[in-house]
Amino acid sequence: MKRVIPKLLLYFGLIPWGAAMLFTVIDCIFNIMYLDWLWIPDFCMVIFDLISYYLLEIAAFSMFGIFSAYVFFGRPHRAVLLTLAGFAATFLFPLSRYAVRNVMLTGVMYDIAMLDYFYDDWLLAQTLFLNAALFLLASLLTKLFFGLIFKNSGELPTKMLSLKNPQNFATLIFCAAAVLLATILFFAIGEYGWEDIAALLVEYAVNAVRFFVIAFVSFTVIKWNRKAYQTV
């Protein structure tokens, strides 16, 4: 089981984080060469930044899937350590993106632009940290609820998307709450232009992806640990 944890962190944490850093480097290169490479289409000035942003989100939510799997089905000390690692990742992943930008773009971009980059990545870090805290709370409350209601709540699930899996139930509550909040804010603001509707639909899609990322990673954690036990 100890050998499984480094593998999980590599595949679901470090690899998507490394891919995000690669796209950040590409985005910086396009910004540096914008005035020299006149053939660069305008979308290249935003697309690689967006890809790195969403890869960082995938990496962070994959970490959520790892630590929640241990919260529900692992040993307490491993659950605590991986939860701390997940919370640390919420800050380290976005701030590492700014570190790359700071190295490559200082002296190329205006100070105000670099400050905007810092605020964007700092806001992402705060958002991910808040999401981690809310997801951990949902996981702990769900574990308590399932433990009180169902005697077999500690059994390892055999289906990835089954709601009999208490971890999937916690993930669904977490993502559904985000969707509900986005919908309430949409109608509270009262602006119904195409851009506003598109932003709401994107929020729905993002939370659907978050659910499947957490569900897939957490089930993979369980499957790999089960396999490790069988080979011991």
Side-chain angles (χ1 to χ4, degrees), residues 1-23 51 54-93 96 128-129 131-176 206-232:
M1 191 170 182
K2 292 180 180 178
R3 292 175 295 179
V4 173
I5 293 176
K7 187 178 176 182
L8 291 168
L9 296 177
L10 172 64
Y11 278 91
F12 298 117
L14 294 180
I15 288 179
W17 169 79
M21 294 303 99
L22 175 61
F23 281 104
I51 292 173
Y54 284 116
L55 281 172
L56 286 180
E57 278 221 339
I58 289 173
F61 280 90
S62 295
M63 293 294 293
F64 295 2
I66 293 173
F67 77 65
S68 63
Y70 282 89
V71 166
F72 279 99
F73 306 110
R75 294 181 179 178
H77 69 281
R78 287 180 180 144
V80 170
L81 289 175
L82 288 168
T83 299
L84 292 175
F87 274 78
T90 62
F91 280 99
L92 293 177
F93 288 169
S96 63
L128 291 176
F129 183 85
N131 276 283
L134 293 174
F135 181 62
L136 177 61
L137 178 62
S139 298
L140 293 175
L141 291 176
T142 302
K143 182 176 183 179
L144 176 63
F145 174 78
F146 269 70
L148 293 174
I149 302 300
F150 303 105
K151 294 182 180 180
N152 63 342
S153 61
E155 292 183 2
L156 295 179
T158 57
K159 296 181 180 179
M160 187 179 80
L161 296 179
S162 173
L163 288 181
K164 293 181 180 179
N165 177 356
Q167 187 179 17
N168 284 353
F169 191 78
T171 306
L172 180 63
I173 292 175
F174 170 76
C175 293
V206 165
N207 279 283
V209 172
R210 287 174 177 173
F211 174 83
F212 283 105
V213 166
I214 295 174
F216 172 75
V217 173
S218 62
F219 187 74
T220 302
V221 172
I222 295 166
K223 184 169 65 173
W224 287 2
N225 278 313
R226 183 188 290 118
K227 184 177 180 181
Y229 274 124
Q230 291 173 349
T231 56
V232 171

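Values in this document were obtained by computation on a predicted structure and should not be read as measured data.
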For Ser68 and Gly65, work out which heavy atoms get closest and say how close. OG-O, 3.2 Å
Please examine the side chains of Phe23 and Tyr54, heavy atoms only from C-beta on, and report whether any two atoms are closer than 4.5 Å. no
Would you say the side chain of Glu57 lies within less than 4.5 Å of the side chain of Val209, judging by non-hydrogen atoms? no
Carefully, step by step, assess Met63 and Leu8 under the rule side chain to side chain contact (heavy atoms under 4.5 Å, CB included). CA-CA 9 Å; Met63 293 294 293; Leu8 291 168; over 6 Å; no
Determine, stepwise, if the pair Leu82 / Leu9 fulfils side chain to side chain contact (heavy atoms under 4.5 Å, CB included). CA-CA 9 Å; Leu82 288 168; Leu9 296 177; 4.3 Å; yes
Given Phe12, which of Trp17, Trp224, Phe61 fulfils the ring pair (Phe, Tyr, Trp, His ring centres under 6.0 Å) condition? Trp224
Using side-chain heavy atoms (C-beta onward) and a distance below 4.5 Å, is Arg78 in contact with Leu81? no
Aromatic ring proximity, centroids under 6.0 angstrom, Phe67 and Tyr70: no
With a 4.5 Å cut-off on side-chain heavy atoms, are Phe73 and Pro166 touching? yes
May I ask you to test the Phe174-Leu137 pair for a side-chain heavy-atom distance under 4.5 Å? no
Which distance, rounded to the nearest 0.5 Å, do you find between the CG of Leu141 and the CD1 of Ile173? 8.5 Å
Tell me the closest heavy-atom pair linking Ile222 and Gln167, and the distance in Å. CD1-OE1, 4.3 Å
Looking at Phe91, I want to see if its CZ is surrounded by more than 12 non-hydrogen atoms of other residues, nucleotides or ligands under 6.0 Å. yes
With heavy-atom distances below 4.5 Å as the criterion, would you say the side chains of Ile66 and Ser62 are in contact? no
With rounding to the nearest 0.5 angstrom, report the CZ to OG1 distance, Phe135 to Thr142. 8.5 Å
Compare every heavy atom of Ala170 with every heavy atom of Ser139, then report the nearest pair and how far apart it is. CA-CB, 3.9 Å
Worked check of side chain to side chain contact (heavy atoms under 4.5 Å, CB included) between Leu161 and Phe211: CA-CA 10 Å; Leu161 296 179; Phe211 174 83; 4.1 Å; yes
Measuring from atom OG1 of Thr220 to atom CG of Asn225, what distance do you get when rounded to the nearest 0.5 angstrom? 11.0 Å
Looking only at heavy atoms, the pair that brings Lys143 and Val71 closest together is NZ-O, 2.6 Å
Value for CG (Leu172) from CG (Asn165), rounded to nearest 0.5 Å, stands at 11.5 Å
Identify the heavy atoms of Asn207 and Cys175 that sit nearest to each other, and give their distance. O-SG, 3.6 Å
Closest non-hydrogen atoms of Ala69 and Ser218, given as atom of the first, atom of the second and distance, are CB-O, 4.0 Å
Are the side chains of Leu136 and Phe87 in touch, meaning some heavy atoms are under 4.5 Å apart? yes
CD1 on Ile51 to CD1 on Ile58, rounded to 0.5 Å: 10.5 Å
In Å and rounded to the nearest 0.5 Å, what is the OG1 to CZ distance from Thr90 to Phe64? 6.5 Å
When you compare the side chain of Lys223 with that of Met160, does any pair of heavy atoms fall below 4.5 Å? no
